[in-house]
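Below is one structure, written out as structure tokens; the observations come after it.
Worth saying up front: this structure is predicted, and the values here are computed from it rather than measured.
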Amino acid sequence: MKPITIAVFAFLLLAGCEQRFDSFAETRAYLNELDEFQEAQLLKSEQISDKQEMSAYRRGSGILFVSIKKEEDEYVWESSDSDWDFAGDGDFSYELLAIDGVHVLFGKVLSEHEIKSISLDGQPLHFDQDSNVFFAFREEPFVIEEENVDITVAME
């Protein structure tokens, strides 16, 4: 990514966070008009409460998270960075993040096997097979321990 593109994107993110909208739909429409979001693919949008929704976008080889939240009678948005370095010598690498009070678990499966699914405490995580990225949203913090993560490998 060129330095000028990074600077423009950072400005748009900061400026966008100050803008206020009348609805979730109006905020989403605004985001869809931004060049950086036109280059991204929406992976999932999830209603967290009647006042907040979270979305995950695949942007290049990265993942970007966006919160749209109702504050009083207006809607505002906040986003994460999309440049994450997933590395390690295990089957997966992960990060924890909080955006507008919502906890986000996300990572990448590093195994060379074809992955069928990934779950935490028996609950499936959203898994994008094209990028091997997984994620989930929660209002409470995640607890990650080796024994509560299950990766199912597709056997051929």
Side-chain angles (χ1 to χ4, degrees), residues 1 6 9-10 12-14 16-17 21 23-32 34-71 75-156:
M1 187 180 302
I6 293 170
F9 184 58
L12 288 173
L13 288 179
L14 292 173
C17 292
F21 301 92
S23 67
F24 283 119
E26 185 180 314
T27 311
R28 273 188 244 108
Y30 171 79
L31 292 174
N32 289 336
L34 297 176
D35 288 342
E36 300 303 323
F37 285 92
Q38 288 179 357
E39 297 171 6
Q41 177 188 2
L42 177 65
L43 297 175
K44 183 177 185 174
S45 190
E46 185 176 315
Q47 196 77 30
I48 303 300
S49 69
D50 61 340
K51 294 184 178 186
Q52 187 171 18
E53 74 176 35
M54 292 291 296
S55 298
Y57 293 83
R58 183 175 63 215
R59 188 167 171 270
S61 62
I63 189 164
L64 172 72
F65 299 101
V66 176
S67 166
I68 300 175
K69 188 173 187 177
K70 184 176 182 181
E71 292 181 351
Y75 293 78
V76 296
W77 64 279
E78 182 178 335
S79 69
S80 70
D81 189 359
S82 65
D83 186 25
W84 303 98
D85 181 27
F86 296 111
D89 55 2
D91 288 333
F92 63 93
S93 176
Y94 71 92
E95 297 283 339
L96 297 169
L97 177 70
I99 302 176
D100 274 345
V102 175
H103 297 273
V104 182
L105 162 68
F106 63 103
K108 186 168 189 168
V109 175
L110 303 173
S111 171
E112 294 183 17
H113 300 293
E114 183 180 342
I115 304 303
K116 186 174 180 181
S117 67
I118 185 166
S119 62
L120 176 66
D121 291 328
Q123 299 297 312
L125 305 178
H126 182 80
F127 178 62
D128 178 48
Q129 292 186 336
D130 293 332
S131 63
N132 275 353
V133 171
F134 59 87
F135 61 90
F137 307 120
R138 277 192 192 165
E139 291 184 273
E140 65 276 350
F142 288 93
V143 176
I144 311 296
E145 296 172 353
E146 193 171 313
E147 59 271 4
N148 69 347
V149 176
D150 183 37
I151 299 174
T152 303
V153 176
M155 303 303 270
E156 307 239 348

Restricting to side chain to side chain donor-acceptor pair (under 3.5 Å), what partner residues turn up for [X], sequence neighbours left out?
X     : result
Ser55 : Ser45
Lys51 : none
Gln47 : none
Asn32 : none

Side chains of Arg28 and Leu42, heavy atoms from C-beta outward: is any pair under 4.5 Å?
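No, side chains not in contact.
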
Does Gln38, at its CD atom, have more than 12 non-hydrogen atoms belonging to other residues, nucleotides or ligands within less than 6.0 Å?
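Atom CD in Gln38 is packed in, count exceeds 12.
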
What distance separates Ile63 CD1 from Phe86 CZ, expressed to the nearest 0.5 Å?
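Here the rounded value is 7.0 Å.
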
Side-chain donor or acceptor of Ser80 paired with backbone N/O of Phe65 under 3.5 Å:
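Yes, because the side chain of Ser80 sits within donor-acceptor range (under 3.5 Å) of the backbone of Phe65.
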
Kindly say whether Asp100 contributes a backbone atom to a donor-acceptor pair with the side chain of Gln52 at under 3.5 angstrom?
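Yes, Gln52 side chain to Asp100 backbone: donor-acceptor pair under 3.5 Å.
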
Pairing residues for Ala29 by the side-chain contact (heavy atoms from CB on, under 4.5 Å) criterion, not counting sequence neighbours
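Listed in chain order: nothing, the list is empty.
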
My understanding is that only residues two or more places apart in sequence, or in another chain, count here; which of them pass side-chain contact (heavy atoms from CB on, under 4.5 Å) with Glu39?
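By the side-chain contact (heavy atoms from CB on, under 4.5 Å) rule, Glu39 matches Glu36, Arg59.
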
Can you list every side-chain hydrogen bond (donor to acceptor under 3.5 Å, both in side chains) pair that touches residues 124-135, not counting sequence neighbours?
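Qualifying pairs, neighbours excluded: Arg58-Asp128, Asp128-Ser131.
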
Please list, chain by chain and in numerical order, all residues satisfying ring-ring contact (aromatic ring centres under 6.0 Å, His included) with Phe127, sequence neighbours excluded.
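Checked Phe127 against ring-ring contact (aromatic ring centres under 6.0 Å, His included); zero matches.
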
Run the ring-ring contact (aromatic ring centres under 6.0 Å, His included) test against Tyr94 and tell me which residues pass, sequence neighbours left out.
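Counting only residues at least two positions away or on another chain, Tyr94 forms no ring-ring contact (aromatic ring centres under 6.0 Å, His included).
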
Going by salt bridge (charged side-chain N to carboxylate O under 4.0 Å, His left out), name the residues that satisfy it together with Glu95, two or more places apart in sequence or in a different chain.
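Listed in chain order: nothing, the list is empty.
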
Results of salt bridge (charged side-chain N to carboxylate O under 4.0 Å, His left out) for Glu46 - residues two or more places apart only:
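Counting only residues at least two positions away or on another chain, Glu46 forms a salt bridge (charged side-chain N to carboxylate O under 4.0 Å, His left out) with Lys44.
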
